[in-house]
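In each ligand, atom 1 is the first atom listed, and ligand 1 is the first ligand listed. Heavy-atom basis, side chains included; hydrogens, waters and symmetry copies ignored. Counting from 1, the numbers follow the sequence of the chain as shown.
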Amino acid sequence: MKHQPFESWLYERETLTKDQTRDLEDHLEICASCRALATAWADVEGQILSASLIAPAPGFSRRWRTYLADHRRRISHRQMGVLLLTTAVGLAVLSVLFGAELLPSLQQAVPTLVSWVGKVANLVANLNVFRLVMGILVEATLENIPLVYRVVLPLSLAGLAAFWVFSLYRLNYRRITKGVIS
Ligand SMILES: [Zn+2]
C-alpha cells in the first residue's frame, strides 16, 4: 500500500486543504500502519502541549534560584576540594619524585660542594693576604726609596726596555736584510 503523501500529511494537518483532509481520513480508515502513526503522533503532540501548559507552582522561581545558588555552592565547594586534593597529591608526588631523584646526587655533591666552598674561601683569604703583603711591601719600598729613584727607576727601566726592543728589532732587521742580500 502507498503511504505517501498521507504519512507527511499527518504532521501538517492544520495546513491541509479540505480535499487533502478527506483523502487522509479515507486512507487512515483503510491503513492500520498510518492509523497507528497518527495515534502515536497525536499522543506525542498532546504531551508536548500539556507539558508546556503546566503552570509552575507558586514561588517556583524563588525556589529555583535558591536551588541554583545551593547547587553552585556545592559544586564550587566540591571543585575547591578537588583542587586542594589534586594540589596536595601533586605536591606529595613531586616531593617524593624529586626527593628520590635529588637526594643521592645531593649527598654525592655535598663533599664536592664543601671542598669547593673551602677552596674559594682559601683563595679569597690568600688573595687578601697577598694583597696585604704586596701593599705593605709597596708602601715600605716607596717610603724607603727617595723621590729621585721613584722617578728615575721607572724611567730607566722604561728606557732599558725600549733599548732592548730597539736592539732586537735592529738585529732582526739586519739579519733579514743580510739574508735578502746573500
Ligand atoms: Zn498508510
Side-chain angles (χ1 to χ4, degrees), residues 1-136 138 165 172 176:
M1 192 183 286
K2 203 164 143 275
H3 300 297
Q4 286 295 4
F6 311 111
E7 257 181 5
S8 303
W9 286 358
L10 283 174
Y11 308 109
E12 47 199 27
R13 276 189 174 188
E14 289 79 16
T15 62
L16 298 180
T17 62
K18 273 190 177 174
D19 286 349
Q20 286 174 327
T21 306
R22 203 181 50 246
D23 286 350
L24 178 62
E25 274 162 10
D26 288 348
H27 179 76
L28 287 177
E29 267 173 38
I30 52 162
C31 177
S33 165
C34 283
R35 203 159 50 236
L37 203 63
T39 313
W41 175 240
D43 200 33
V44 168
E45 214 172 22
Q47 276 182 18
I48 290 168
L49 284 173
S50 65
S52 66
L53 285 175
I54 292 171
F60 168 78
S61 68
R62 183 178 47 76
R63 280 201 307 279
W64 172 248
R65 277 201 297 271
T66 312
Y67 167 77
L68 211 63
D70 205 43
H71 185 67
R72 276 184 189 147
R73 202 162 46 235
R74 268 206 307 269
I75 292 258
S76 75
H77 279 177
R78 202 160 51 203
Q79 280 173 342
M80 187 60 84
V82 167
L83 192 72
L84 284 175
L85 190 72
T86 316
T87 309
V89 168
L91 280 176
V93 168
L94 272 178
S95 53
V96 165
L97 280 176
F98 272 87
E101 193 77 23
L102 285 180
L103 213 60
S105 49
L106 209 67
Q107 276 172 343
Q108 280 176 353
V110 162
T112 319
L113 277 173
V114 166
S115 76
W116 265 103
V117 168
K119 273 178 193 167
V120 169
N122 263 335
L123 192 70
V124 169
N126 284 338
L127 276 175
N128 271 335
V129 167
F130 180 73
R131 214 171 54 189
L132 206 69
V133 168
M134 283 310 285
I136 290 166
V138 167
V165 168
N172 280 334
I176 287 163

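In summary, the side chains of Q4 and S8 do present a donor paired with an acceptor at a separation below 3.5 Å, with no hydrogens or angles considered.
Using bins of under 30°, 30° to 60° and over 60° for the plane-to-plane angle, the ring pair W9/F6 lands in the perpendicular bin.
Applying the salt bridge (Lys or Arg N to Asp or Glu O under 4.0 Å) test to R65 and every residue at least two apart in sequence or in another chain returns nothing. In this structure, R72 has no salt bridge (Lys or Arg N to Asp or Glu O under 4.0 Å) partners at least two apart in sequence or on a different chain.
Protein-derived N/O/S atoms nearer than 2.8 Å to the Zn ion (ligand 1) total 4, waters excluded.
For the residue pair R35 and T39, the shortest heavy atom distance occurs at O-OG1, 2.7 Å.
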Table please: side-chain donor-acceptor pairs of residues 20-27 below 3.5 Å, with sequence neighbours left out.
| unit_1 | atom_1 | unit_2 | atom_2 | d |
| --- | --- | --- | --- | --- |
| Q20 | OE1 | T17 | N | 2.9 |
| Q20 | OE1 | T17 | OG1 | 3.3 |
| T21 | OG1 | T17 | O | 2.8 |
| R22 | NH1 | D19 | OD1 | 3.4 |
| R22 | NH2 | D19 | OD1 | 3.4 |

